[in-house]
Number of protein chains: 2
Amino acid sequence: MDRLTGLTNAIAGRPETVADRISAILREAIATGALPAGAALRQDELAARFGFSRMPVRDALRQLETEGLVSIHPTKGAFVASMDPAEIREIFALRELLEVEALRLSCPLLDAGVLRKAADMLDQIDGEANVARWGALNAAFHLALYSRCGNSRLLAAIEAYHGAVDRYVRVLLSNLDYQSRSQAEHRDLLAACSNGDEKRAASILRGHLRTGSDMLFEAVRGRIRS
Amino acid sequence: MDRLTGLTNAIAGRPETVADRISAILREAIATGALPAGAALRQDELAARFGFSRMPVRDALRQLETEGLVSIHPTKGAFVASMDPAEIREIFALRELLEVEALRLSCPLLDAGVLRKAADMLDQIDGEANVARWGALNAAFHLALYSRCGNSRLLAAIEAYHGAVDRYVRVLLSNLDYQSRSQAEHRDLLAACSNGDEKRAASILRGHLRTGSDMLFEAVRGRIRS
DNA sequence: ATTCGTATACTCGTATACGAGATTGCTTTA
DNA sequence: TAAAGCAATCTCGTATACGAGTATACGAAT
């Protein structure tokens with residue numbers, strides 16, 4: 001392959017395949033809880049429901065497995081990945097490690113444009129009733145603050161872990177109390193970044209993630225008992 | 001992901017599929033450089049060579065894509081992922097962040113058994129002429145020191161990033177000078193862990209990863225020019 | 001001679017088909 | 001009655017087949 005075709009392809013973006021569409025649908029279904037943790041994902045059942053064959057379904061399931069949303073066992077099938085509370089603690093510990101570092105790297109390099117975009121996102125979150133969009137906006141706000149960290153792999157990892165706990169976070173979002181608290185913390189964080197107060201920003205982010213982790217831990221533990 | 005998934009699969013009694021075998025072969029071929037970066041991986045060519053159909057080959061390629069070893073473009077095919085020097089810097093920065101944290105968590109909890117196993121591995125590395133095994137032993141040594149960190153996702157991430165740079169690290173291993181230097185640093189690291197000198201261990205690990213990153217950066221940059 | 005258009009060949013994505021392994025339920029026997 | 005064995009069914013993994021999109025090569029026209 002020549003350099004030129006590789007470049008043009010990268011610019012053009014990849015064509016969307018059926019497997020991509022199926023994985024998007026399943027991803028959303030898992031995130032909303034329509035497909036609860038532990039649910040079996042039969043290949044031919046899904047294929048019939050979507051009106052395609054099993055092959056793109058297989059590809060979609062593999063794709064979702066890499067995102068940690070489903071677990072595949074040969075000869076047994078695919079299941080919506082269930083996460084016990086301990087794993088949530090693990091992921092949030094990782095998020096804290098990665099996101100604090102990303103913020104530390106990015107904070108001094110944030111310009112007015114990024115900060116304004118982040119502020120806009122917070123306003124959008126306030127006006128957003130749809131829980132599904134809330135999660136996406138939340139992720140976008142965080143990633144905007146880290147966007148100048150200069151390490152694309154770091155950003156990718158953060159995004160991946162965010163997606164892994166997204167559907168659990170939505171449990172919290174029905175709790176209006178958490179929403180307002182989270183938004184208050186977000187505004188504090190943005191203010192610290194705007195002032196270039198790196199240490200304070202890091203400390204706020206740590207607190208933000210820890211309260212999220214604690215509340216999610218309790219919420220999921222409660223859900224599992226029921 | 002080599003050894004760990006192999007191990008956990010064996011424990012779980014997970015049957016080995018054809019796709020697993022194919023991916024293992026391709027993984028090794030990529031690691032050794034038999035399949036150089038940028039090489040096209042035609043599905044039916046591989047299927048014919050291995051004596052299977054294209055389906056398990058597709059699955060294997062998808063698996064390798066998640067490990068970052070190949071990149072797949074719909075309608076264009078799969079290619080051995082090429083990594084520019086900047087990405088190596090990024091991955092090593094991530095490794096430093098993750099591994100230092102894992103060491104910090106694990107170090108106080110390391111018992112005599114783990115330390116002895118780690119020491120054994122270092123001796124094995126000294127006596128190992130085969131470059132392929134050297135990489136696996138190197139990873140195993142590092143992971144042994146982190147094994148008590150109490151965060152399985154953290155360990156998985158470390159292992160994944162290790163695998164992503166493994167084939168580049170092998171470039172260094174032909175350099176006997178690096179091998180002995182690396183081993184000296186390993187022994188320092190192990191000694192610090194044995195003494196419970198957490199700070200010193202962290203500092204040694206940082207230096208170890210940074211020299212590795214620097215040398216690899218130069219080596220890969222040189223290779224690309226040629 | 002260069003460039004544009006067309007036709008051919010190639011590769012991938014998807015569909016359909018088949019065989020193996022596992023799970024479930026029933027029957028039979030101790 | 002309970003446990004063990006057998007059979008039927010279900011699901012997945014793999015094979016083969018087909019259609020669509022893209023690259024390439026060749027020819028024609030400027």
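Computed from a prediction, not measured in an experiment: that's the story for all the values here. Letters A, B, ... are given to chains in the order of the sequence lines, protein chains preceding strands, and every chain is numbered from 1.
Ion pairing between A:Glu65 and A:Arg27 fails under the 4.0 Å rule for side-chain N and carboxylate O. Salt-bridge formation is not detected for the pair A:Glu28/A:Arg21: no Lys NZ or Arg NE/NH1/NH2 atom is positioned less than 4.0 Å from an Asp or Glu carboxylate oxygen. Remark: B:Asp214 does not engage B:Arg210 in a salt bridge, criterion side-chain N to carboxylate O under 4.0 Å. Using a 4.0 Å cut-off between charged side-chain N and carboxylate O, B:Arg58 and A:Asp59 make a salt bridge.
Both A:Asp59 and A:Thr75 lie near DNA chain C, and the one whose nearest nucleotide falls closer to the 5' end is A:Asp59.
Side-chain atoms of B:Glu159 and B:His162 include no donor-acceptor pair closer than 3.5 Å. For the residue pair B:Ser152 / A:Glu90, a side-chain donor-acceptor distance below 3.5 Å is found, with atom types taken as modelled.
Shown are A:Leu154, A:Asn151, A:Leu110, A:Leu205; of these, the side-chain contact (heavy atoms from CB on, under 4.5 Å) with A:Tyr146 is made only by A:Leu205.
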Show the numbers, then the answer: is there a salt bridge (charged side-chain N to carboxylate O under 4.0 Å, His left out) between B:Lys117 and B:Asp111? CA-CA 10 Å; B:Lys117 268 207 308 190; B:Asp111 55 47; over 6 Å; no
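From the 5' end on, the contacts that DNA chain C makes with chain A at under 4.0 Å to a non-hydrogen atom open and close at C:dG13 to C:dT23.
Using a 4.0 Å cut-off on heavy atoms, none of the residues of residues 35-51 of chain A approach DNA chain C.
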